[in-house]
Structures are given as structure tokens and as C-alpha cells.
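Since we're looking at a predicted model, the values are computed, not measured. All chains are named by letter (A, B, ...) in the order of the sequence lines, taking the proteins before the strands, and each is independently numbered beginning at 1.
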Number of protein chains: 2
Amino acid sequence: MTRSFEPDATDRAILRLIQRDAALSLAEIAKEVGLTPTPCWKRIRKMEQDGVITERVVILDPEKVGLGVSVFVAIETGDHSAAWIETFASTVAKMPEIVECWRLGGDVDYLLRVVVSDMTAFDGFYRRLTAQVPSLRKVTSRFAMERVKSTTALPI
Amino acid sequence: MTRSFEPDATDRAILRLIQRDAALSLAEIAKEVGLTPTPCWKRIRKMEQDGVITERVVILDPEKVGLGVSVFVAIETGDHSAAWIETFASTVAKMPEIVECWRLGGDVDYLLRVVVSDMTAFDGFYRRLTAQVPSLRKVTSRFAMERVKSTTALPI
DNA sequence: ATCGATAGTAGGAAAATCTTTTGCTTGCAA
DNA sequence: TTGCAAGCAAAAGATTTTCCTACTATCGAT
């Protein structure tokens, strides 16, 4: 099986740039990578079509919009059935405070990052979560004191 | 102290839209929120100047660029001095595999998310990390089996 | 093997189209 | 009546399309 996307050095250079600043104009991107706007645009469009680039978004300052509290919630479940997993996944999808949810290997089954305005809001979230999801064996919440680093740019 | 940014319902509607799709044209955004392009553009520019919108980026599919492995690394340190914290923070900043680093309250001091291509690459990362950062009392690595949810959109 | 024809890939120039930005005007509310 | 916020229209700028060229690899006939 051959991959439909085989990025060359130029593709990766483009990705490195627009992962950090998608507001760059084609002219600027092209200049950086040593091309003219047209082939550069064609490469970007291809990477969008191939699903390499999945979205274009703006990133907000959580503090500035009053959502400065991140909480990591580690979950161990007592029920590993398909039905439980489905309930859990659909609950996670529906709760916008949950910005990340990972299934892990090892002692912890799931790790969530939850974004809220304050502790009171987190308590409300916690009650809703535990009310909706059955068979939670252990739920451990850890509050983030400081965001040391947070980037959407993958190390290409 | 008055906040320099007091978003109204329209500002929030704009943010909700462009948090999910920053490729929308002003005409489309304006139509959605019930304005014409100009005032809409002025609001967005103001939010950029106020630092509410911090960046515009593209998001990549980690699998498609060969970086499908996320590992959570929980760190307990034996040294809480300012000098240690500085060493640690600068190491974190320099290692592009670390896409998130949070300082937590409670038993775990720091939680990292590390993005790599495979286990071998993680092992290389792990060796470099532990070689660079002194006084690590406990380092626990948990591999992500599945990305259940991951969004950059804050619940505004 | 060598030649030429052919198809596929990547780049570039220019034109067309669409978006963003600016300047100016209007309406509304304090 | 003064100060915002919105709107309109035109200008400036960016994106997208079209068309063309250059290079490379493949294939068949000689």
C-alpha cells in the first residue's frame, strides 16, 4: 500500500510555516519556501484534499474569554463493554468543556482535559459527568496551575 | 479594573464560528451573525489587537504526517528551586515533541503530552529529556491508544 | 541500445475573481 | 450633540483559475 501523501521537503516547509501562522499570504509563504504563489497554492490545496490539513482555526487566549481553568480528569472505569464505551464517547462528544479526551494504556483508562471558568463551574461539570456516565470506578481531578507550553504545531 | 475586552453576544458568535473554521470569508461570517462584512471585520481586528485571538493556524492530521503516537508523561520533581524550574521550562520550550506542558496542583508536578512517530522515537525523546533535566524523582509515561476527542475550540 | 513520441509532474505568468480594507456617511443612544 | 456602531461603496490586495513551459520517465519501434 502506497501512501497518497508523500510530502517532500517543500511540503514540510509549507506545513511548518502555516502550522504557526495561517494568516501568511501565499506570496509570503511562496517566498519563504522558494516558489511562486501558484505551485505553492496547489500544494496546499492538495494537502487539504488529502486530509493532511484538517482545519483552519483561530486560537483564543483562554484567560481573555474567562476560561482560564484547565483540569485534568483521570478516569478508571469498572465497565469495559462496548455499550459503556459508546455512552462514554457520546457524552464526551456532547460536553464542550471537554476539549481533549484520550484513551490510555495502563492503569488509567481515560484522560480528559476540561476547560472551565472557575472551580464552581468545574464542580457543576463534575456532577453532570458523573451523573451521565455509569460505572466510574475512580475519577481523579488535577487542576492546572500554569500552562508552561501549549502548541498546535506538530514537530515536522 | 475594567477589562479591555467585553465581548457581547455578537463577538461571541463570531468567535464560535472562527474557532471552528477560520477559512470562512467575512461575507459568510457576517451573514451568520447578522451583520455586514465591515463591522464584522472591525470586531475581529479589535479582538486580535486585544489579544483575545492569539493566532491563526492550520491543524494537521497527526497520522498523515507520521506522528500518530501521543504519550502523556507525568513528572514529579525532587527539586522545587527557581533554578530547577528555569532549566525545566527552557528544556520544555526547546523540545518540539512536547506539545503541551502543564504544572499541576497535587501529587503530580508536571504533565506533558509528547508527540512522536513511534515507540523508538519516544525512547529517544525520553533519554534526551531525562539527560537534560536533573532531579527527576518520578517519571510515568502513559501511551495514548485512541484520540477520542481533541479540539482547539473553547466552550464560549 | 537508441531514438522519438507521449504522458505525467512541477513550476510560472497573467488574468479573472473574490476578499479585505479604507474612507465616508448614517442612525441611534447616552 | 457627541460618541459609537453599523453600513455602503470604492480601492487595494489576495486568491484562484487558466494556460503554457520544462523536465522526467516510460514505451514501442527501429
Side-chain angles (χ1 to χ4, degrees), chain A residues 1-61 63-67 152-154 156, chain B residues 1-61 63-67 152-154 156:
Chain A
M1 178 219 166
T2 60
R3 277 218 269 174
S4 70
F5 172 63
E6 277 305 332
D8 63 11
T10 305
D11 287 322
R12 290 195 302 273
I14 292 171
L15 290 178
R16 273 194 298 273
L17 281 172
I18 63 180
Q19 267 199 123
R20 301 221 125 83
D21 186 1
L24 291 169
S25 72
L26 279 172
E28 290 167 313
I29 299 165
K31 197 178 157 209
E32 281 290 330
V33 303
L35 284 178
T36 51
T38 306
C40 204
W41 177 81
K42 285 177 184 166
R43 282 166 181 265
I44 291 171
R45 187 189 54 175
K46 179 162 194 309
M47 293 192 282
E48 282 167 344
Q49 287 170 345
D50 290 352
V52 176
I53 295 170
T54 57
E55 35 177 7
R56 292 175 172 267
V57 300
V58 301
I59 306 294
L60 310 185
D61 181 333
E63 308 277 352
K64 292 261 169 75
V65 294
L67 292 168
T152 53
L154 301 179
I156 294 177
Chain B
M1 176 216 164
T2 58
R3 277 218 269 175
S4 70
F5 172 63
E6 278 304 333
D8 63 10
T10 305
D11 286 322
R12 290 195 301 274
I14 292 171
L15 290 178
R16 272 194 297 274
L17 281 172
I18 63 180
Q19 267 198 123
R20 301 221 127 82
D21 186 0
L24 291 169
S25 71
L26 280 172
E28 290 167 311
I29 299 165
K31 195 178 158 209
E32 282 290 330
V33 303
L35 284 178
T36 52
T38 305
C40 202
W41 177 78
K42 285 177 183 163
R43 283 166 180 265
I44 292 171
R45 187 188 55 174
K46 178 161 194 309
M47 293 193 281
E48 282 168 344
Q49 287 170 346
D50 291 351
V52 176
I53 295 171
T54 57
E55 36 177 6
R56 290 173 175 268
V57 299
V58 302
I59 306 294
L60 309 185
D61 181 333
E63 308 276 353
K64 291 261 168 77
V65 294
L67 292 167
T152 53
L154 302 178
I156 294 180

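- Minimum interatomic distance between B/Pro37 and B/Ala30 (heavy atoms only, all atoms of both residues): N-CB, 3.6 Å.
- B/Glu63 approaches B/Asp61 most closely through the heavy-atom pair N-OD1, 2.9 Å.
- In terms of phosphate contacts, B/Trp41 brings no side-chain nitrogen or oxygen within less than 4.0 Å of OP1 or OP2 of C/dT20.
- Proximity of A/Leu15 to A/Val52: side-chain heavy atoms (C-beta onward) are separated by under 4.5 Å at one or more points.
- Partner of A/Gln19 under the side-chain contact (heavy atoms from CB on, under 4.5 Å) criterion, chosen from B/Val57, B/Val65, B/Leu60, B/Ile59: B/Leu60.
- Interatomic distance, NZ of B/Lys31 versus CG of B/Leu26, reported as 14.5 Å (0.5 Å rounding).
- Rounded to whole Å, atom C1' of C/dT19 lies 16 Å from atom CZ of B/Arg45.
- Across the protein-nucleic acid pair, B/Lys46 atom NZ and D/dC4 atom P stand 12 Å apart, rounded to whole Å.
- The separation between B/Ile14 atom CD1 and C/dT20 atom P is 13 Å, rounded to whole Å.
- Where A/Lys42 and A/Leu24 meet DNA chain D, the nucleotide closest to each residue was compared, and A/Leu24 sits on the side nearer the 5' end.
- Note that the CD1 atom of A/Ile14 and the CG atom of A/Leu35 stand 6.0 Å from one another [nearest 0.5 Å].
- If you measure from atom CG of B/Leu26 to atom C1' of D/dA14, you get 13 Å, rounded to the nearest angstrom.
- As rounded to whole Å, 16 Å separates atom C1' of D/dT15 from atom CG of A/Leu35.
- Annotation: the span from A/Met47 atom CE to B/Lys64 atom NZ amounts to 12.5 Å, rounded to 0.5 Å.
- Checking the phosphate oxygens (OP1, OP2) of D/dA5, no side-chain nitrogen or oxygen of B/Arg43 falls inside 4.0 Å.
- One interatomic measurement links the two molecules: CG of A/Asp8 to C1' of C/dA10, which rounds to 10 Å at whole-angstrom precision.
- For A/Ile44 and C/dA10, the CD1 to P distance is 15 Å, given to the nearest whole Å.
- Side-chain to base pairing of B/Thr38 with D/dC8: one donor and one acceptor N or O lie within less than 3.5 Å of each other.
- For the helix from C/dA1-D/dT30 to C/dA30-D/dT1, the axis fitted to the five pairs at one end and the axis fitted to the five pairs at the other end meet at an angle of 20° (nearest 10 degrees).
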